[in-house]
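Scroll down for the structure; my scribbles are underneath it.
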Amino acid sequence: MSFSNKFNLFKKIENFPTQWQPTSVVISKNKNCILFANYNCKGLLVYDLQSKELIQNISVSFVGRCLAIESNNDNNEALLVGDKSGYIYKYDLNKLLNSSVEEKEAILWKSEDEFDHPNEIACYTENNQKLIYFSHNADYGITVLDSETGVVIKNIVESRNSMPLQPTSFCFDIETKELIIAEGNLQMVTVFKWNGFDWAFNRDVGKEGDFIYPSNVKVDKDNVIVCDNGKSSIMIYKLTDGTLVNSLENQEGCISLDLSTERGELIVTSEDSGVSILV
């Protein structure tokens with residue numbers, strides 16, 4: 001189910017534990033839950049996808065700057081974490097959510113390399129190989145890891161017109177084989193196309209002046225949903241031609257989002273006002 005693009009407020013989640021500001025969010029379809037992490041403290045909050053009630057407060061060793069879910073053929077899921085310390089972790093999600101299993105037993109691997117503040121992470125299959133893409137502050141660009149081992153395979157460093165790539169967020173459209181990148185410092189959102197060998201710049205989303213600091217981006221079928229932290233707005237654009245469909249302003253502190261395709265709900269985290277569920 002696609003998002004309605006109407007931005008109707010369905011529910012607010014505000015009663016988070018003390019010192020908690022949910023800044024990263026990801027949805028587990030298999031576990032039917034929403035997972036939140038916080039830039040500022042260790043832990044993982046798990047909410048029921050239907051009721052939006054807290055069901056687990058998991059003590060973990062990471063400060064999750066970014067989260068992603070990798071689905072496998074056996075209906076298992078892995079949780080990918082970009083830690084504030086600079087490491088990338090891959091967890092068996094079933095084990096991580098099992099209170100009788102210690103965290104170290106749920107870790108599938110931890111990256112050998114340490115990176116400078118990972119800020120986005122996503123999964124993609126390329127030539128039948130499962131990969132993990134993530135962006136970080138060091139030298140900008142996107143680093144690609146082998147999903148099975150966590151070993152670095154390559155780096156993507158160029159944006160349009162051979163400018164250094166400076167992603168604050170990115171996501172994939174699997175059907176069109178496109179990579180959508182939000183670049184906060186450059187105030188733009190761009191679409192890259194897979195040419196069979198590499199990612200190449202294809203087109204812009206929106207027009208000059210549309211963005212101040214796009215902090216998060218997601219694809220919803222034919223649309224691109226952009227969370228602009230600098231503009232305190234959420235905007236929806238057509239993926240094909242980059243034209244504006246609708247926007248929601250006065251979203252102070254909005255920083256990240258995820259989409260429940262089963263329920264047509266857009267989940268928006270804010271540094272200032274908790275979480276909004278929009279339909």
Side-chain angles (χ1 to χ4, degrees), residues 23-24 26 39 64-68 70 80-84 86-88 111 113-127 129-147 150-174 176-219 224-231 235 237 239-242 255-258:
T23 45
S24 302
V26 71
Y39 285 1
R65 287 183 55 84
C66 49
L67 305 172
E70 180 188 70
L80 305 169
V81 179
D83 181 31
K84 188 176 182 178
Y87 291 101
I88 306 298
S111 63
D113 297 313
E114 183 179 349
F115 304 94
D116 183 18
H117 291 87
N119 57 20
E120 184 61 285
I121 191 165
C123 310
Y124 190 74
T125 299
E126 193 176 295
N127 299 325
Q129 183 182 16
K130 284 190 174 183
L131 302 174
I132 295 169
Y133 284 60
F134 71 95
S135 53
H136 51 94
N137 292 347
D139 299 322
Y140 300 112
I142 294 174
T143 297
V144 184
L145 306 179
D146 184 296
S147 176
V151 173
V152 174
I153 294 177
K154 61 181 178 181
N155 292 285
I156 304 170
V157 296
E158 286 190 1
S159 184
R160 65 178 183 184
N161 302 324
S162 299
M163 292 188 295
L165 188 64
Q166 302 181 35
T168 44
S169 178
F170 61 89
C171 63
F172 294 96
D173 186 325
I174 304 301
T176 62
K177 295 185 178 180
E178 291 179 325
L179 170 61
I180 299 90
I181 303 176
E183 299 186 70
N185 291 334
L186 299 180
Q187 300 180 322
M188 66 183 187
V189 177
T190 52
V191 179
F192 283 62
K193 190 83 172 178
W194 179 252
N195 59 21
F197 305 97
D198 204 353
W199 296 101
F201 171 75
N202 186 269
R203 61 192 184 278
D204 290 306
V205 173
K207 61 184 186 298
E208 187 174 351
D210 273 10
F211 309 112
I212 295 178
Y213 192 83
S215 57
N216 204 256
V217 62
K218 290 290 184 292
V219 167
V224 179
I225 306 176
V226 181
C227 175
D228 193 318
N229 180 261
K231 203 172 185 178
M235 294 162 284
Y237 292 85
L239 179 58
T240 51
D241 60 14
I255 191 166
S256 68
L257 47 84
D258 202 2

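One-based numbering along the sequence shown.
No side-chain donor-acceptor contact under 3.5 Å links Arg65 to the backbone of Gly82. Not a single donor-acceptor pair under 3.5 Å links the side chain of Asp146 to the backbone N or O of Ile153. In this structure, Thr168 contributes its side chain and Gly184 its backbone to a donor-acceptor pair below 3.5 Å.
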Kindly list each side-chain donor-acceptor pair under 3.5 angstrom involving residues 209-217, sequence neighbours excluded, with atom names and distances?
from	atom 1	to	atom 2	distance (Å)
Asp210	OD1	Lys207	NZ	3.3
Asp210	OD2	Lys207	N	3.1
Asp210	OD2	Tyr237	OH	2.9
Ser215	OG	Cys227	O	3.2
Ser215	OG	Ile255	O	3.0
Asn216	OD1	Lys218	NZ	3.0
Asn216	OD1	Leu257	N	3.3
Asn216	ND2	Glu120	OE2	3.4
Asn216	ND2	Ser169	OG	3.4

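Side-chain contact between Asn119 and Cys66: absent, with no pair of heavy atoms (C-beta onward) separated by less than 4.5 Å. A heavy-atom distance below 4.5 Å is found between the side chains of Val191 and Val205.
Among residue pairs with one or both ends in residues 181-202, those qualifying as salt bridge (charged side-chain N to carboxylate O under 4.0 Å, His left out) are Glu178-Lys193; sequence neighbours excluded.
For the side-chain hydrogen bond (donor to acceptor under 3.5 Å, both in side chains) test, no residue two or more places apart in sequence or in another chain qualifies with Asn202. Partners of Asp204 under the salt bridge (charged side-chain N to carboxylate O under 4.0 Å, His left out) rule, at least two apart in sequence or in another chain, are Arg160. For the side-chain hydrogen bond (donor to acceptor under 3.5 Å, both in side chains) test, residues two or more places apart in sequence or in another chain that qualify with Lys154 are Glu126. For Glu114, the salt bridge (charged side-chain N to carboxylate O under 4.0 Å, His left out) criterion is met by no residue, not counting sequence neighbours. For Asn195, the side-chain hydrogen bond (donor to acceptor under 3.5 Å, both in side chains) criterion is met by no residue, not counting sequence neighbours. For the ring-ring contact (aromatic ring centres under 6.0 Å, His included) test, residues two or more places apart in sequence or in another chain that qualify with Phe172 are Tyr124, Tyr133, Trp199. The side-chain hydrogen bond (donor to acceptor under 3.5 Å, both in side chains) test applied to Ser111 returns no partner, not counting sequence neighbours.
Interatomic distance, Thr23 OG1 to Leu67 CG, rounded to the nearest 0.5 Å: 8.5 Å. Interatomic distance, CG of Leu239 versus CZ of Arg203, reported as 5.0 Å (0.5 Å rounding). Atom NE2 of His136 and atom CD1 of Ile121 lie 11.0 Å apart (nearest 0.5 Å). In this structure, the separation between CG on Leu165 and CD1 on Ile181 is 4.5 Å, given to the nearest 0.5 Å. Interatomic distance, Leu131 CG to Leu145 CG, rounded to the nearest 0.5 Å: 8.5 Å. Here the NE2-CG distance, from His117 to Asp83, works out to 10.0 Å after rounding to the nearest 0.5 Å.
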Inset, instruction - For the pair Leu80 and Ile88, evaluate side chain to side chain contact (heavy atoms under 4.5 Å, CB included) and give the outcome as yes or no after the intermediate values. - result: CA-CA 7 Å; Leu80 305 169; Ile88 306 298; 5.6 Å; no
Inset, instruction - Check the pair Phe192 / Phe170 against ring pair (Phe, Tyr, Trp, His ring centres under 6.0 Å), numbers first and verdict last. - result: CA-CA 10 Å; Phe192 283 62; Phe170 61 89; over 10 Å; no
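For the residue pair Ser256 and Ser24, the shortest heavy atom distance occurs at OG-CA, 3.9 Å.
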